[in-house]
Engineer: 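For reference, the structure I am asking about is given below.
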Amino acid sequence: MAPREKFDQHLKELQDEVLVLGSMVGKAIARSMNALKERDLELAKEVMSGDTGIDHKRLDIEERCIELIVTQQPVASDLRTIIAVLNIIVDLERIGDHAEGIAKIVLMIGNEPPLKPLIDLPRMAEKTQDMLRRSLDAFIDRDPETAVNISNEDDEVDELYDQVYRELITFMLEDPRTITRATRLIWAAHNLERSADRVTNICERVVFATTGKMGETGESRY
Amino acid sequence: MEFKMQTRKLEFYYGKVRALSKITMGIEEHQITALIGPSGCGKTTFLRLLNRMNDVISGTHLAGDVLLDGQNIYAPQVDVVEVRKRVGMVFQQPNPFPKSIYANVAFGPRMLGLNNKAKLDEVVERSLRAAALWDEVKDNLGKSGMLLSGGQQQRLCIARVLAVEPEVILMDEPCSALDPLSTLRIEELMRDLKTNYTIIIVTHNMQQAARVSEWTGFFLLGELVEYNKTGEIFQRPKDKKTEDYITGRFG
Ligand SMILES: Nc1ncnc2c1ncn2[C@@H]1O[C@H](COP(=O)(O)OP(=O)(O)OP(=O)(O)O)[C@@H](O)[C@H]1O
Ligand SMILES: [Mg+2]
C-alpha cells in the first residue's frame with residue numbers, strides 16, 4: 001500500500017461530496033427559476049425546504065475537512081485542497097440561499113397578475129448554473145485556466161442583470177402600479193447576479209488549490 | 001543582506017562516497033532555519049560541517065566554503081576551538097556529563113579559562129535562566145545532571161552551549177527523545193533564543209519545522225532541493241520532490 005493511499009481516498013471522497021453539493025445547489029437555482037416562471041407555489045415551497053438539505057450537506061463536508069486536518073496534518077497541495085473545499089462549500093451554500101430567496105419571492109408574488117413574460121431572468125439562471133457546473137469541473141480537474149475564463153463570463157450575467165434592471169425601471173416609471181411587482185423581479189435578478197459572483201469565488205479557489213496563488217480572477221462590475 | 005553563515009558549493013566525501021554535493025545556502029541572522037529530508041540525505045553531515053565537527057572523522061574530504069560572518073571557517077589560520085565556541089551544538093540524545101548541574105554548565109567557561117567563582121555563578125545562573133531551566137533546578141545545582149528528566153537534560157545541554165556565549169546554535173533532532181510537552185518547551189525556548197542567537201535545527205518532525213522555523217531547507221540524496229520561507233515550503237513548494245516528501249508521498 002502506498003504511504004498515503006487511505007488519505008488520498010478520503011480526499012477524493014471529499015471532492016465527490018463537493019460535486020454532490022454543487023448539483024443540489026444547481027438544481028435549487030433551476031427549480032426556483034421554474035417556480036418563478038410557472039408561478040408554481042408548491043415547487044417554490046419544495047425549494048425552500050430543500051435548502052435545509054443543502055445546509056446539512058455543507059456542514060457534513062466541513063466536518064470531514066476538519067477531521068482530515070486534525071488527523072492528517074495536511075500540507076502543500078493537500079492542505080490547499082481542503083482549504084479550497086472549505087471555502088467552496090460556503091459559496092455553494094450561499095448560492096443555495098439565493099435560490100431560496102427566489103423561491104420566497106415566488107410565494108410573495110402568489111397569484112398577482114404577471115408583469116411580463118420572463119426571458120432574461122431564466123437566461124441569467126441558466127448561465128449561472130452553467131458557470132457553476134463548469135467551475136466545479138475545473139476544480140476537480142485542477143484547471144486554473146478554465147476557471148479564469150469562467151470567471152470572466154460573469155460579465156454576461158452582469159449585462160443581463162443590467163438589461164433586466166433597466167427594463168423593469170422603465171415599467172415602474174411608466175406605470176407606478178407596477179412598482180411592487182417589478183421590485184420583486186429585480187430582487188430575483190439580484191439573487192442570480194450574486195450567485196454568479198459566488199461562482200467567481202469558486203473559480204478563485206480553483207486557482208488557489210492548483211497554484212497556491214490567492215486573489216481575484218476577474219472583476220465584477222457589481 | 002549579509003548572512004550570518006553561508007555555504008558555497010559545499011561538497012563532502014566520506015572516503016570516496018559523496019555525502020553532500022554543491023550546497024549553497026545562506027543562513028539568516030536571528031532566525032531559525034530548519035533542515036528536513038529523509039534519513040541519510042546528509043542533514044547531520046551538513047550541520048556538523050558548520051562548526052567543523054567532521055574534522056575528527058578520518059578519510060573525509062571537503063570542497064567549497066563555509067562562511068561565518070563572511071570569514072571562511074576552514075581557512076588555515078582559523079582556530080577550531082574558536083569556531084566551536086562561536087557555533088555551538090546540541091545533539092539528538094541529551095548528553096549531560098556525569099557531573100553536577102552546576103559543573104555541566106560551568107564546563108565550557110572553565111575550559112575557556114574562567115575560574116572566578118562569582119563570575120561562574122553568574123554565568124551558570126544566566127545560562128540556566130536562558131535555557132528555561134533555572135526555576136526547576138536552582139535549589140539543586142549540586143544534583144547530578146544525569147538525574148534530570150530527558151526534557152530537562154536537553155535544556156541543560158542547551159544551557160551548557162549558551163554558557164560559552166555562542167552566536168549560532170546547531171541542533172540535531174533535539175526533541176526526538178522527548179515527550180510532546182518537553183518538545184513544545186524546547187520549541188518555545190528556541191523562539192526566545194533567536195532574539196540573541198541564530199539557530200539551525202535538523203528535524204524529522206515536519207510540524208516542528210513548520211512551527212518553529214522561518215526558513216526551511218529540504219535535502220535529498222546530498223542535495224539541497226529547495227530552500228525557502230517555511231510558509232512557502234509548506235503551502236506551495238515549488239519542487240515536486242519537496243511536495244512528495246512533505247505530503248508523505250515520498251518513495
Ligand atoms: N562517519 C561516517 N562514515 C561514513 N559514512 C557516513 C558517516 N556518517 C554518515 N555517513 C553517510 O553519509 C550519508 C549522510 O548521512 P547523515 O548522517 O548526514 O544523514 P542524515 O540526513 O543526518 O540522516 P538521519 O536523518 O538518519 O540522521 C549517509 O549515506 C551515511 O551513511
Ligand atoms: Mg542525522
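Chain identifiers are assigned alphabetically (A, B, ...) following the order of the sequence lines, protein sequences preceding nucleic acid strands; residue numbering begins at 1 within each chain. In what follows, every heavy atom counts, from backbone to side chain, and hydrogens, waters and symmetry copies are set aside.
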Engineer: Check whether more than 12 heavy atoms from other residues, nucleotides or ligands sit under 6.0 Å from atom CG of B:Leu62, and answer yes or no.
Structural biologist: yes
Engineer: For the candidates A:Ser77, A:Pro74, A:Gly212, A:Ala76, which exhibits the highest count of non-hydrogen atom pairs separated by less than 4.5 Å from chain B?
Structural biologist: A:Ala76
Engineer: Under a 3.5 Å distance rule, please check whether A:Arg80 uses its side chain to pair with a backbone N or O of B:Gln235 as donor and acceptor.
Structural biologist: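 Yes.
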Engineer: Between A:Asp78 and B:Arg249, is there a side-chain N and carboxylate O pair less than 4.0 Å apart?
Structural biologist: yes
Engineer: For the side-chain contact (heavy atoms from CB on, under 4.5 Å) test, which of A:Asp8, A:Leu79, A:Val75 pairs with B:Thr247?
Structural biologist: A:Val75
Engineer: Does atom OH of A:Tyr165 have more than 12 heavy-atom neighbours from other groups under 6.0 Å away?
Structural biologist: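 No, the 6.0 Å shell around OH holds no more than 12 heavy atoms from other groups.
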Engineer: Counting neighbours of NZ on B:Lys241 that are heavy atoms of other residues, nucleotides or ligands and sit closer than 6.0 Å, is the number greater than 12?
Structural biologist: no
Engineer: Report, as yes or no, whether the 6.0 Å neighbourhood of atom CD on A:Glu67 holds more than 12 heavy atoms from other residues, nucleotides or ligands.
Structural biologist: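 It does not: A:Glu67 CD has 12 such atoms or fewer within range.
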